[in-house]
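Scroll down for the structure; my scribbles are underneath it.
Within every chain, numbering begins at 1; the chains are lettered A, B, ... in the order of the sequence lines, protein sequences first and strands thereafter.
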Amino acid sequence: GAVVSQHPSRVICKSGTSVKIECRSLDFQATTMFWYRQFPKQSLMLMATSNEGSKATYEQGVEKDKFLINHASLTLSTLTVTSAHPEDSSFYICSAFSGVADTQYFGPGTRLTVL
Amino acid sequence: EDQVTQSPEALRLQEGESSSLNCSYTVSGLRGLFWYRQDPGKGPEFLFTLYSAGEEKEKERLKATLTKKESFLHITAPKPEDSATYLCAVQASGGYQKVTFGTGTKLQVIP
C-alpha cells in the first residue's frame, strides 16, 4: 500500500514552454501533498504545500506564478512549470501525506530538462 | 528554525561490516522523526517513523533509535543492496505536516 505515482518520469522541453507534472496517490486519499525540488547531490528542498480544495502554500523564494500548483482531488495534485528556462531543469518529487499512516510517501520523481 | 544534520556525508563499508548513521536535530517540539532511503534518480522510500525518545524500530538489517537530540540508523551486516542515500527528516508539533530534511548519508557497501 501507500503508492504515489508521478507522470511523466522524464520530460525534455524547449525554453519558454510550460510543463505539467502529475502526482497521484494510488491507494489512499491525501488532503495534503508536497512538491520538492532536488539538485544533484543535494537534499530535498520543499517548494510548496498543496492542500485539496484550497490554494497552495509556497516556501519563501519560490515564485508562485512560475510554479502553479493545483490540488483538484484527494488523489491528484499537479505542478505546472510555466515559461520554463534552463535554470528550472531539476528533479521534481512530490509526496502525499497519509493520515492513516501519519507519514509522507514519495513519488518516483520527474526529471525536467529545459533546453 | 528546525534543523537536521546528518553525518557522515558518505560512508563506505565492506559487506558484513556493521555501522551507524547519525541524525542530529533541533526542533521546536518533535512530532516525528523519519528515515527514508533514496536510490539514485528515484524518490525517497519510507523506512521508519519515531515519535519519542527511547523508541526503536527495526526492519531487516536496519534499526532506528531516537534520543532527545539525535537519531541513529544502525546497519547490521550490510549487503551491497543496502547501498543508497539515507535521509533523515523531522516534523515539528503544531499540526502542520511539513518536514525538514537533512542532506543525507550516502552509503556504499562493497562486496
key: Centroid-centroid under 6.0 Å between B:F101 and A:F106 rings   = yes

request  = Specify which of B:V99, B:T49, B:T100 makes the most heavy-atom pairs with chain A at under 4.5 Å.
outcome  = B:V99

task = Please examine the side chains of B:T85 and B:R37, heavy atoms only from C-beta on, and report whether any two atoms are closer than 4.5 Å.
result = no

ask   = Looking only at heavy atoms, which two atoms of A:L46 and A:E59 are closest? And how far apart?
value = O-CG, 3.2 Å

key: Per-residue contact mode, B:Q6 against chain A (heavy atom under 4.5 angstrom)   = neither

task = Give the cluster check for A:Y58 versus A:Y92: same hydrophobic cluster or not, with ILVMFWY residues linked at side-chain heavy-atom distances below 4.5 Å.
result = yes

query = Using non-hydrogen atoms only, which part of A:Q104 is less than 4.5 Å away from chain B: side chain, backbone, both, or neither?
reply = both

request  = Heavy atoms only, distances under 4.5 angstrom: which of A:I93, A:V4, A:L44, A:D102 has the most pairs with chain B? Name it, please.
outcome  = A:D102

Working for ring-ring contact (aromatic ring centres under 6.0 Å, His included), residues B:F46 and B:Y86 = CA-CA 10 Å; B:F46 172 73; B:Y86 290 84; over 10 Å; no

message = So for B:F48, is it side chain, backbone, both, or neither that comes closer than 4.5 Å to the heavy atoms of chain A?
response = neither

